[in-house]
Number of protein chains: 2
Amino acid sequence: MIRINRLTDYAVVVLAEMSRGSDVRTVSRISADTGVPLPTVAKLMKALAHGGLVVSHRGAAGGYSLNRNAAAISVADIIEAVEGPIAITACVDDADDQCGIEQLCPMHGHWSRINQAIRRSLDGISLAEIAAMPVFEPVAAGQPI
Amino acid sequence: MIRINRLTDYAVVVLAEMSRGSDVRTVSRISADTGVPLPTVAKLMKALAHGGLVVSHRGAAGGYSLNRNAAAISVADIIEAVEGPIAITACVDDADDQCGIEQLCPMHGHWSRINQAIRRSLDGISLAEIAAMPVFEPVAAGQPI
DNA sequence: TCAAACAGGACCACAGTGGTCCCATTTGGA
DNA sequence: TCCAAATGGGACCACTGTGGTCCTGTTTGA
């Protein structure tokens, strides 16, 4: 299903918080600031560091800092760091024939196109925009649309 | 993860095939025509009938027919019939507070916006386009992008 | 030297997916 | 009227991925 992972959602929250304040933060500090459970933050930061969105600082005064300006980090970047490449079907993913009806698939080129459109949407929102947003935005009851 | 279900992929294949030919088709016929396993087609057609994309005809000369012109069926329609509402996070889905950090969530309005963008992309491709597509489109090795 | 903090990975429960199978109901044609 | 064909509804199961938890090893500044 088309769904952002919970961890990804947390990642956005965490990164937004980090972009608003001090440079290097420990996992426990981030956890306290965001309300995301500590082990989960730890896990997340590893993925984000692997994905190049944050830099880790080991040792006694260690922690993590943002690797890029918030305006240079998109939602797509975050999703990919946590979940891997944005590929809406297996056949969009590089070179694997996974679904067994590949030759007959009328979606052959179309998923790729849709994938690009989705990717573009996600590229179009930066962490800076998100971090700049008021955190107590009134909820319009979200229609799934 | 952002991924179209396999069943949804099959659904598109099935519907495209149906839009190309005769009016009422049995599940076994569809299965033979598309290469999708019979029980899976059966399961799928139930969902598609529930979703209003096809009409069922019970009884000895029964089967399924398209409920709408192919141009009036979008990829989003198909996804929703098979998978349910397009909602990229739980909090986009109607009214449920699922992730526990809802009040602090800087993505509060943004997922909704992205959801709409994704929805629009999917609305923008009709079954007619897909059915009109040559089925042996050369593969450009799909980058996940 | 040592405590703080990250790095790496294993483990587990749960939810969802994809597939299979069975029984009940409907209905057109013989 | 009967029966075979076909859908309707649902249950079951194996597998995969997610989210969360926990442990050990390594790094490093004070």
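Chain letters run A, B, ... following the sequence lines, proteins first, then strands; residues in each count from 1. Since this is a predicted model, take the numbers as computed values, not measurements.
- If you check dC6(C), dG29(D), dG19(D) against the side chain of Thr26(A), the one that comes closest is dC6(C).
- Closest to the Thr40(B) side chain, of the nucleotides dG19(C), dT21(D), dG29(D), is dG19(C).
- Contact check, Tyr64(A) against dA7(C): a side-chain N or O comes under 4.0 Å of OP1 or OP2.
- The CZ atom of Arg3(A) sits 9 Å away from the P atom of dG16(C) (whole-angstrom rounding).
- Atom CG in Asp9(A) sits about 15 Å away from atom P in dT18(D), given to the nearest Å.
- The interatomic distance linking Leu38(B) (CG) with dG18(C) (C1') rounds to 15 Å, in whole Å.
- Across the interface with DNA chain C, nearest-nucleotide mapping of Val27(A) and Gly59(B) shows Val27(A) to be the residue nearer the 5′ end.
- Listed by first and then second residue, the side-chain hydrogen bond (donor to acceptor under 3.5 Å, both in side chains) pairs that reach into residues 43-59 of chain A are His57(A)-Ser65(A), sequence neighbours excluded.
- Proximity of Tyr10(B) to the phosphate of dG19(C): a side-chain N or O atom is located under 4.0 Å from OP1 or OP2.
- Residue Glu17(A) holds its CD atom at 13.5 Å from CD1 of Ile130(A), rounded to the nearest 0.5 Å.
- Contacts between residues 44-56 of chain B and DNA chain D, defined by a heavy-atom separation below 4.0 Å, involve Lys46(B), His50(B), Ser56(B), listed by number.
- Annotation: of the two residues near DNA chain D, His57(A) and Lys43(A), the 5′-most nearest-nucleotide partner is Lys43(A).
- When rounded to the nearest whole Å, the span between CG of Asn5(B) and P of dG17(D) equals 13 Å.
- dG17(D) atom P lies 18 Å from atom CD1 of Ile4(A), rounded to whole Å.
- Between Glu83(B) and Pro39(B), the one whose closest nucleotide on DNA chain C sits nearer the 5' end is Glu83(B).
- Rounding to whole angstrom units, CZ of residue Arg6(B) and C1' of dG19(C) are separated by 11 Å.
- Distance Ile79(B) CD1 to dT17(C) P: 13 Å, rounded to the nearest Å.
- Here the side chain of Leu7(A) is nearest to one of dG20(D), dA4(C), dG18(C), namely dG20(D).
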